[in-house]
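To start, the structure itself, in structure tokens.
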2 protein chains.
Amino acid sequence: MLSNACQYAIRSILYLSIHSNETKKIGVKVIADELETPQPFLAKLLQQLAKKKLVSSIKGPHGGFYLTKKNNENSLWDIVTCIDGTDKFDNCFLGLATCDDKNPCPVHFIVVPFKQKLLNDFRDKTIAQFTKEITLSGRVISLKDFNALKD
Amino acid sequence: MLSNACQYAIRSILYLSIHSNETKKIGVKVIADELETPQPFLAKLLQQLAKKKLVSSIKGPHGGFYLTKKNNENSLWDIVTCIDGTDKFDNCFLGLATCDDKNPCPVHFIVVPFKQKLLNDFRDKTIAQFTKEITLSGRVISLKDFNALKD
DNA sequence: CTCAAAACATAACAATTGTCATATTTTAAT
DNA sequence: ATTAAAATATGACAATTGTTATGTTTTGAG
């Protein structure tokens, strides 16, 4: 559904939301290690996200990536838009150019409500809100989290 | 979400369900033309589907592809399984190996109900049932259908 | 002011998916 | 029997996505 790239991007932003702030930056190496994602690939993604102001970054020694208050007010949808684009969600499930409520494809009314709900949740909920839920209810964003919960 | 291949496959099976039967076979050329899909690619797909008995076929002059009664009792899910496999639907939305109800990722409870419903609809409804709905309620499976409805 | 740690940029490589081309086999019609 | 229309099989090519590698720029610390 989402590309690997986008999954990594979402997880790393959630990770930064939990563990970083203006005074505590985190390097790619650490993030990639914690989330168990390929390091150079993640670096590229974080740069894309930085360009679109979805994450903040500082170069040089003790530099790294972090999320500002403002960054935390973005949505998962912003990340998806930045990495994957929205075609996957806009387009007809069977690939028809003409499919809509008036001229539905055979699965239109099965798929559309789901997509709508998903899109709303992704668009309306901020990163900060997700993070709150993650810390309060023990959500998992990496294998390490999973193992930590087991202890 | 679904691959192009799978979208073509579903549409061509629905097309065959509407327009073919044991005594009326249809060649790839016609199907590809009607659905406006690349012909050689569709041929390959139909062969995959034939191997898994999701469509029937006869070689030689006046041969072609068609759906038997039995073929019509299959589900869309059978097609998805045959062409794309089920990973996309089984796996965690964020790509985590450990994600489940007990150890949910941050979007788990947003995504799972939807996936469940989609999966049920795709698995429980037969091709025949879809076809009935298509003919009764004027569903669209190609641009040609769309234009026909406008007339 | 030099050095090293980090992000940033670019490009090479690999794997998957989508597409096209060519040849072979089957079979109905003549 | 021969022929031609179809499916079937195989492989080549292109495009996208995922991954890795290499080099450049920025900047804090000594």
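All chains are named by letter (A, B, ...) in the order of the sequence lines, taking the proteins before the strands, and each is independently numbered beginning at 1.
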| Whichever hydrophobic residues join B/Y66 through chains of side-chain contacts under 4.5 Å | B/I58
| remark: Separation of C/dA7 atom P from A/Q47 atom CD, nearest Å, is 8 Å
| Sugar-phosphate only, base, or nothing, as touched by A/I58 at under 4.0 Å among non-hydrogen atoms | sugar-phosphate
| Which residues pass the ring pair (Phe, Tyr, Trp, His ring centres under 6.0 Å) test with A/Y8, sequence neighbours left out? | A/F41
| task | Applying salt bridge (Lys or Arg N to Asp or Glu O under 4.0 Å), name anything that partners A/K125, two or more places apart in sequence or on another chain. | result | A/E133
| said: Taking ring pair (Phe, Tyr, Trp, His ring centres under 6.0 Å) as the definition, give me every residue that meets it alongside A/F122, ordered by chain and number, with sequence neighbours left out. | reply: B/F93
| note | What residues 25-35 of chain B contributes to the DNA chain D interface at heavy-atom separation below 4.0 Å is B/I26, B/G27, B/V28
| message | Closer than 4.0 angstrom, basic N to acidic O: yes or no for A/D33 and A/K29? | response | no
| task | Sugar-phosphate means primed atoms, P, OP1 and OP2; the rest is base. With that split, encode nucleotides 16-24 of chain C 5' to 3' as B, S or - using protein heavy atoms under 4.0 Å. | result | --SBB----
| Residues which pass side-chain hydrogen bond (donor to acceptor under 3.5 Å, both in side chains) with B/S137, listed by chain and number, not counting sequence neighbours | none
| task | Rounded to the nearest angstrom, tell me the gap between atom NZ in A/K51 and atom P in D/dT25. | result | 16 Å
| query | Taking only residues two or more places apart in sequence, or in another chain, which ones meet A/S56 in a side-chain hydrogen bond (donor to acceptor under 3.5 Å, both in side chains)? | reply | A/N71
Side-chain donor-acceptor distances from residues 75-89 of chain A under 3.5 Å, at least two apart:
residue: A/S75; atom: OG; partner: A/W77; partner atom: N; Å: 3.3
residue: A/S75; atom: OG; partner: A/D78; partner atom: N; Å: 3.2
residue: A/S75; atom: OG; partner: A/D78; partner atom: OD2; Å: 3.2
residue: A/D78; atom: OD2; partner: A/S75; partner atom: N; Å: 2.9
residue: A/T81; atom: OG1; partner: A/W77; partner atom: O; Å: 2.8
residue: A/D84; atom: OD1; partner: A/S3; partner atom: OG; Å: 2.5
residue: A/D84; atom: OD2; partner: A/S3; partner atom: N; Å: 3.0
residue: A/D84; atom: OD2; partner: A/S3; partner atom: OG; Å: 3.3
residue: A/D84; atom: OD2; partner: A/K88; partner atom: NZ; Å: 3.2
residue: A/T86; atom: OG1; partner: A/D90; partner atom: OD2; Å: 2.8
residue: A/K88; atom: NZ; partner: A/M1; partner atom: O; Å: 2.7

